[in-house]
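Notes follow once the structure below has been shown.
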Amino acid sequence: MSEPARGSDRRRSGEGDRERTERAGLGDDVEVIVVSNRQPYRHRWGDDGIEVDRPTGGLTAGLDDVVRRIDGSWIAWGDGDADAEVVDDDDRVSVPPEASDGYPLRRVWLTGEQVDGYYYGFSNRVLWPVCHGTLSRVRSEGGYWDAYRSVNERFADAAADRADREDVIWLQDYHLGLVPQLLASRVPESVLVAHFWHIPWPDWDTFRACPHGAELLRGLVGNDLFVVHTERYRQHFFNCVEAALPRATVDRSAGRVFHRDGVTTVEAHPLGVDTERIPELSTDDGADERWRRLRAQYDIDEDVSVGVGVDRLDYTKGIPERIAAIERLLETRPEWQGEFTFVQIGSESRSRIPAYREVQTEVVEAVNRVNARFRTDDWRPVVYTTDRLADRELYTLYRNADLGVVSPVRDGMNLVAQEYVAAQADGDGVLVLSRQAGVHDLVGDDAVSITPQAPDEFAAALADALAMSDRERRVRMASLLDSCRAFDIDRWIDDVLGGVARLREDGGAGR
Ligand code: ADQ
């Protein structure tokens with residue numbers, strides 16, 4: 001498999017469409033190198049040889065398209081069992097597979113022990129629960145931190161190997177918190193380092209429970225630009241830096257942290273979805289037929305109202321709370337029995353961690369309980385599947401669902417809420433949304449707001465949403481659509497890359 005020329009070689013040959021880097025003001029001689037734990041494409045052995053799949057998640061799909069358009073490159077953990085079969089001598093493969101205008105994906109290999117300590121350990125048993133404020137779930141075993149550090153070194157080496165001149169290294173998420181600091185001694189000062197943190201940044205009173213918290217913060221202030229979803233997270237980050245790094249100074253009006261090794265600019269840019277592509281797919285020629293098939297597959301009667309939830313099976317997503325609220329709705333408002341079906345799509349996630357296996361069991365038990373209580377011969381209140389839906393099917397389901405129910409107990413942003421809104425080409429769906437999701441800051445009370453841990457209030461909100469007049473549905477949805485379009489994925493990319501470009505104009509890296 002041949003790899004496309006490195007950015008600068010392409011630039012010399014005049015190839016490539018650098019529209020977005022140029023638009024952001026980065027110039028056409030800059031390569032954006034995305035670095036993330038999860039890769040956009042994975043090669044696996046299937047029945048007929050090597051197959052390619054795409055991990056679940058809106059972010060990798062959105063960024064993949066961008067990296068392609070800007071002739072960037074990507075570095076990520078090669079976690080597919082056939083990944084090593086398709087790379088070249090430098091561990092790179094061109095993706096998307098078969099595309100003539102692909103970009104290089106460099107795979108970083110990790111041992112089972114590293115994955116246990118870095119991914120299932122420090123990232124997902126320490127940082128994830130700390131940042132979501134679920135401190136009782138934090139488990140810090142010996143070896144987690146060392147594995148996190150050594151894997152971060154592997155990623156920093158891979159990024160440094162690729163970056164030169166004025167390139168931009170764009171790190172994604174909490175798995176790579178030490179990479180920025182580690183890059184300082186590995187890349188020239190002219191290379192800019194930016195980092196997007198996809199999960200909440202908690203207040204200091206929560207973050208101070210984080211083992212190695214100060215070291216993590218020192219890692220992150222190695223960035224030239226650190227970006228979170230919301231202003232609240234940004235203020236929390238400043239509070240944590242002030243409390244944990246006594247020698248750092250925060251200038252809130254300038255949005256900067258000054259520290260021993262330089263300056264870090266901190267910005268808030270909410271991540272959005274592709275508000276053009278989603279309605280296109282939810283209304284294309286095959287959409288009606290797809291909806292008929294989905295209804296048959298999930299046994300949804302033609303006349304019932306439909307609600308939908310789509311989540312990774314994570315304890316932060318509030319899925320058992322959602323099912324409990326549906327149970328309360330059917331109990332207290334029996335007129336909805338036989339008239340409302342809720343479709344819950346869940347995708348398995350991090351199952352090696354006990355808390356994740358527990359939530360999977362809890363969801364199945366809750367669904368069985370509600371169905372056993374209320375189902376009739378020709379109606380089932382909750383349909384539950386762990387199928388992975390293709391985009392067209394997912395968006396068709398959203399479009400035809402009367403309610404989109406998003407009820408995390410804590411969530412950095414939540415793309416499902418925005419996907420549901422974007423798919424409402426008919427303008428008449430209702431979004432029921434937890435106040436504890438970052439996206440609530442964006443759309444506010446145009447959604448029907450709920451607190452997931454309050455089942456009576458949640459059930460009453462579901463009833464209100466189901467009974468809402470057509471006029472009110474349309475007014476609210478129009479406003480929700482405006483918010484999601486204003487903060488779509490293109491805006492996010494322009495804002496983050498624009499932030500990098502402003503730093504460059506101001507004199508380059510802060511390190
Ligand atoms: P997540 O918590 O993984 O990521 P979330 O915002 O909930 O992300 O989005 C999940 C994505 O996976 C959505 O695009 C959804 O459509 C898709 N998905 C899930 N199950 C699916 C299935 N079975 N079939 C098809 N698609 C499925 C983190 C943070 C979030 C933040 C995102 C982006 O936790 O708060 O919004 O990053 O920054």
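Note that ligands are numbered from 1 as they come in the structure, with each ligand's atoms numbered from 1 the same way. In this chain, numbering begins with 1 at the start of the sequence shown.
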Establish, from distance only, whether the side-chain atoms of [X] and [Y] form a donor-acceptor pair under 3.5 Å.
X      : Y      : result
Asn152 : Tyr118 : no
Arg107 : Gln39  : yes
Arg399 : Ser282 : no
Asp482 : Ser479 : no

>> Suppose we screen for ring pair (Phe, Tyr, Trp, His ring centres under 6.0 Å). Which residues come up paired with Tyr398, at least two apart in sequence or across chains?
In response: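 For Tyr398 there are no ring pair (Phe, Tyr, Trp, His ring centres under 6.0 Å) partners, ignoring immediate neighbours.
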
Output the list of atoms in ligand 1 that are nearer than 4.0 Å to some heavy atom of [X], sorted by atom number.
X      : value
Leu394 : 16 (O), 26 (N)
Leu271 : 33 (C), 38 (O)
Ser347 : 19 (C), 20 (N), 21 (C), 23 (N)
Tyr398 : 16 (O)
Arg388 : 23 (N), 24 (N)
Arg312 : 1 (P), 2 (O), 3 (O)

Hey, does [X] come in under 3.5 Å of ligand 1, counting only N/O atoms on both sides?
X      : result
His229 : yes
His132 : no
Gly412 : yes

Counting heavy atoms only, name the option from [options] that's nearest to [atom].
atom                    : options                : result
atom 24 (N) of ligand 1 : Leu389, Thr386, Asn414 : Leu389
atom 30 (C) of ligand 1 : Asp411, Leu397, Val416 : Asp411
atom 8 (O) of ligand 1  : Met413, His198, Lys317 : Lys317

Does at least one non-hydrogen atom of [X] fall below 4.0 angstrom from an atom of ligand 1?
X      : value
Asp314 : no
Trp128 : yes
Tyr420 : no

Which bit of [X] gets closer than 4.0 Å to ligand 1, counting heavy atoms only: side chain, backbone, both or neither?
X      : answer
Thr316 : neither
Val310 : side chain
Ile345 : side chain

>> A cation-pi test, strictly: NZ or CZ of Arg125 under 6.0 Å from the centre of the six-membered ring of Tyr144 and no more than 45 degrees from its axis. Yes or no?
In response: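 Cation-pi check for Arg125 and Tyr144: fails.
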
> Taking only residues two or more places apart in sequence or in another chain, which ones pass side-chain hydrogen bond (donor to acceptor under 3.5 Å, both in side chains) with Ser434?
Replying inline: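 So Ser434 forms no side-chain hydrogen bond (donor to acceptor under 3.5 Å, both in side chains) with any residue.
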
> Can Asp311 and Arg322 be said to form a salt bridge (Lys or Arg N to Asp or Glu O under 4.0 Å), step by step?
Replying inline: CA-CA 12 Å; Asp311 311 78; Arg322 189 179 309 164; 2.7 Å; yes

>> Check Asp490 with Arg69, please: is the shortest side-chain N to carboxylate O separation under 4.0 Å?
In response: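 Yes, charged N to carboxylate O under 4.0 Å.
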
>> Quick one, Trp197 and Leu220 - any side-chain contact, counting heavy atoms below 4.5 Å?
In response: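 SC-SC contact between Trp197 and Leu220 confirmed.
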
>> How about CD on Glu289, more than 12 heavy atoms from neighbouring residues, nucleotides or ligands closer than 6.0 Å, or not?
In response: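 Check passes, neighbour count above 12.
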
